[in-house]
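Everything on this sheet refers to the single structure shown next.
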Amino acid sequence: MSCIFCKIIKGEIPSYKVYEDEYTMVFMDIAKDVDGHMLAIPKKHVINILDCDLETLNHLMATVKKISNYCVDDCEYDGVNILNASGESAGQSVNHFHIHIIPRKDSDNIDGWPEFSGAEQELEEVYEKLKIE
Ligand code: AMP
Ligand code: ZN
């Protein structure tokens with residue numbers, strides 16, 4: 001298996017490990033794009049939320065919450081951004097499910113939300129397509 005995150009789990013390539021339990025791991029993202037950028041991953045190789053079973057997702061989200069609370073309760077942050085790209089169309093570049101955790105401070109001036117260019121379709125039109133009958 002040539003998955004880079006599976007190799008990180010197995011210790012075959014180095015990482016700045018923040019947290020690990022039986023099912024999940026959290027390590028620093030090496031992008032150096034924003035302070036404190038972490039990735040939470042399941043140890044089970046699933047590609048993204050679309051193929052992830054609920055048990056694995058539950059473990060992953062429990063870890064995301066644990067680290068988020070830890071950031072605010074113990075590391076002097078005020079909040080977190082939680083980001084995920086599932087699928088190439090969404091910008092996913094590593095095909096092992098990962099959730100980005102970015103710790104935030106009230107005064108950090110980080111733009112943690114994508115700069116969308118404006119909706120092109122009528123809201124009602126998209127709603128008709130998306131709503132679950
Ligand atoms: P995404 O574009 O949402 O799939 O995010 C993939 C993330 O993985 C990017 O933010 C990369 O910086 C990060 N990344 C890739 N390789 C490594 C690595 N070896 N250690 C830590 N983070 C990595
Ligand atoms: Zn993997």
Side-chain angles (χ1 to χ4, degrees):
M1 165 93 61
S2 63
C3 171
I4 191 164
F5 288 176
C6 282
K7 285 183 175 162
I8 285 177
I9 291 162
K10 285 189 244 163
E12 291 173 1
I13 59 173
S15 69
Y16 295 96
K17 184 166 66 181
V18 173
Y19 173 80
E20 182 176 17
D21 63 24
E22 190 178 350
Y23 304 103
T24 65
M25 188 173 159
V26 179
F27 53 95
M28 302 305 293
D29 192 303
I30 54 169
K32 289 189 180 169
D33 50 358
V34 60
D35 291 333
H37 190 168
M38 293 173 276
L39 298 173
I41 65 172
K43 288 189 172 175
K44 180 176 177 180
H45 179 89
V46 293
I47 295 170
N48 59 39
I49 197 163
L50 300 172
D51 67 332
C52 186
D53 58 278
L54 280 182
E55 191 183 340
T56 301
L57 185 63
N58 281 339
H59 290 308
L60 182 59
M61 292 314 294
T63 292
V64 169
K65 177 166 170 55
K66 187 187 287 263
I67 298 303
S68 299
N69 283 115
Y70 172 69
C71 287
V72 172
D73 296 341
D74 299 291
C75 302
E76 299 179 341
Y77 288 99
D78 302 307
V80 290
N81 283 111
I82 306 295
L83 305 168
N84 166 256
S86 281
E88 208 177 317
S89 64
Q92 182 173 7
S93 64
V94 176
N95 285 329
H96 183 128
F97 192 14
H98 51 282
I99 295 183
H100 300 255
I101 305 173
I102 300 166
R104 300 296 306 273
K105 291 192 173 180
D106 292 336
S107 57
D108 63 20
N109 286 320
I110 295 164
D111 186 1
W113 197 254
E115 190 77 21
F116 294 120
S117 53
E120 293 182 356
Q121 294 174 280
E122 290 299 326
L123 191 150
E124 289 76 11
E125 192 185 320
V126 188
Y127 166 68
E128 287 301 327
K129 180 175 164 179
L130 290 176
K131 75 178 177 190
I132 298 171
E133 303 284 357

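Keep in mind it's a predicted model, so treat the numbers as computed, not measured. Keep in mind that the numbers below use all heavy atoms, side chains included, and drop hydrogens, waters and symmetry copies. Both counts, for ligands and for their atoms, begin at 1 and track the order of listing.
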Quick check: are there more than 12 heavy atoms from other residues, nucleotides or ligands sitting under 6.0 Å from CG of L54? no
Could you give the distance from NE2 (H59) to CD (E55), rounded to the nearest 0.5 Å? 4.5 Å
What atom name does the N, O or S atom of H96 nearest to the Zn ion (ligand 2) carry? ND1
Would you please write out the protein residues whose heavy atoms approach any atom of ligand 1 to under 4.0 angstrom, listed by chain and number? I4, F5, I8, F27, M28, D29, I30, A31, L39, A85, G91, Q92, S93, V94, H98, H100
So does E122 have more than 12 non-hydrogen atoms from other groups sitting under 6.0 Å from CD? no
Is atom CG of D35 surrounded by more than 12 heavy atoms (other residues, nucleotides or ligands) closer than 6.0 Å? no
In H45, the N/O/S atom nearest the Zn ion (ligand 2) carries the name ND1
Over 12 non-hydrogen atoms of neighbours within 6.0 angstrom of NZ in K66: no
With a 6.0 Å cut-off (strictly less than), is the heavy-atom count around NZ of K131, excluding the residue itself, greater than 12? yes
With a 3.5 Å cut-off and sequence neighbours excluded, list the donor-acceptor pairs that the side chains of residues 75-92 form with protein atoms.
{"from": "D78", "atom 1": "OD2", "to": "D106", "atom 2": "N", "distance (Å)": "2.7"}
{"from": "N81", "atom 1": "OD1", "to": "R104", "atom 2": "NH1", "distance (Å)": "2.6"}
{"from": "N84", "atom 1": "OD1", "to": "S86", "atom 2": "OG", "distance (Å)": "2.8"}
{"from": "N84", "atom 1": "ND2", "to": "H98", "atom 2": "O", "distance (Å)": "2.9"}
{"from": "S86", "atom 1": "OG", "to": "I49", "atom 2": "N", "distance (Å)": "3.2"}
{"from": "Q92", "atom 1": "OE1", "to": "N48", "atom 2": "ND2", "distance (Å)": "3.1"}
{"from": "Q92", "atom 1": "OE1", "to": "G87", "atom 2": "N", "distance (Å)": "2.7"}
{"from": "Q92", "atom 1": "NE2", "to": "I47", "atom 2": "O", "distance (Å)": "2.8"}
{"from": "Q92", "atom 1": "NE2", "to": "V94", "atom 2": "O", "distance (Å)": "2.9"}

If I take the Zn ion (ligand 2) as the centre, what angle separates the SG atom of C3 from the SG atom of C6? Nearest 10 degrees is fine. 120°
